[in-house]
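Input: a single structure, listed below in structure tokens.
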Amino acid sequence: MTDWTWEYNPSEESVADGLAPGVVAEVERLATELAVLGVDAAKVGRPFDREGGLREFDILGGRGCISFLSVPRHNCIYICNITWYG
């Protein structure tokens, strides 16, 4: 277990506004799991050939994706964007 947390960046209103509650719940569930990974979250998702930086991870069977940053000095996962195709 890590002491990492997660947040929306810049805010929940700007990142998740207008999305269905089920989509937001899935994003928040995944963000919690990424926080449990801690520093290893920098290896999750795309791009596959490097670690760190802005990462993308598919959600709900490829019907969308999240973009996130793993920031070790803050011990935090920042959810920066949610793209929903559904």
Side-chain angles (χ1 to χ4, degrees):
M1 194 75 172
T2 68
D3 59 346
W4 281 52
T5 61
W6 69 271
E7 299 178 16
Y8 289 104
N9 184 13
S11 67
E12 181 178 4
E13 293 78 28
S14 64
V15 175
D17 189 44
L19 293 173
V23 174
V24 174
E26 177 65 4
V27 168
E28 292 180 356
R29 183 189 72 78
L30 289 170
T32 300
E33 292 192 12
L34 288 168
V36 169
L37 288 174
V39 71
D40 290 331
K43 302 174 187 174
V44 173
R46 295 180 298 271
F48 301 113
D49 59 342
R50 64 180 168 83
E51 294 180 16
L54 190 64
R55 314 289 299 168
E56 283 191 346
F57 189 76
D58 289 338
I59 60 172
L60 296 167
R63 294 183 291 181
C65 69
I66 59 172
S67 299
F68 67 93
L69 289 170
S70 171
V71 183
R73 70 174 175 239
H74 295 169
N75 287 355
C76 192
I77 303 295
Y78 293 102
I79 305 299
C80 302
N81 188 46
I82 304 169
T83 304
W84 182 243
Y85 308 114

[atom1] of [X] to [atom2] of [Y]: how many Å apart, nearest 0.5 Å?
X: Ile59; Y: Trp84; atom1: CD1; atom2: CH2; answer: 6.0 Å
X: Leu19; Y: Thr83; atom1: CG; atom2: OG1; answer: 9.5 Å
X: Ser11; Y: Ile79; atom1: OG; atom2: CD1; answer: 13.5 Å

Review point. What about Leu69 and Ile66, same hydrophobic cluster or not, with Ile/Leu/Val/Met/Phe/Trp/Tyr joined at side-chain heavy-atom distances under 4.5 Å?
Key: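 They do not share one cluster, since no chain of ILVMFWY contacts under 4.5 Å joins Leu69 to Ile66.
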Check your understanding: Do you reckon Val71 sits in the same ILVMFWY cluster as Leu30, going by side-chain contacts under 4.5 Å, direct or chained?
Key ->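 Result: no, two separate clusters.
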Check your understanding: So do Val27 and Phe68 actually touch side chain to side chain, heavy atoms under 4.5 Å?
Key ->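 Side-chain contact under 4.5 Å: no.
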Point to revise | Heavy-atom check, side chain of Asp58 versus side chain of Arg46, under 4.5 Å | key: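 Sidechains of Arg46 and Asp58: in contact.
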With a 3.5 Å cut-off and sequence neighbours excluded, list the donor-acceptor pairs that the side chains of residues 31-42 form with protein atoms.
residue, atom, partner, partner atom, Å
Thr32, OG1, Trp6, NE1, 3.3
Thr32, OG1, Glu28, O, 2.9
Glu33, OE2, Arg29, NH1, 2.6

Point to revise | Which atom of Val44 lies closest to which atom of Arg55, heavy atoms considered | key: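 Heavy-atom minimum between the residues: O-NE, 3.1 Å.
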Point to revise | Nearest non-hydrogen partners of Cys80 and Val15, listed with the distance | key: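 Minimum heavy-atom contact is O-CG2, 3.7 Å.
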Point to revise | side-chain contact (heavy atoms from CB on, under 4.5 Å) partners of Glu7, counting only residues at least two apart | key: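 Here the qualifying residues are Cys76, Tyr78.
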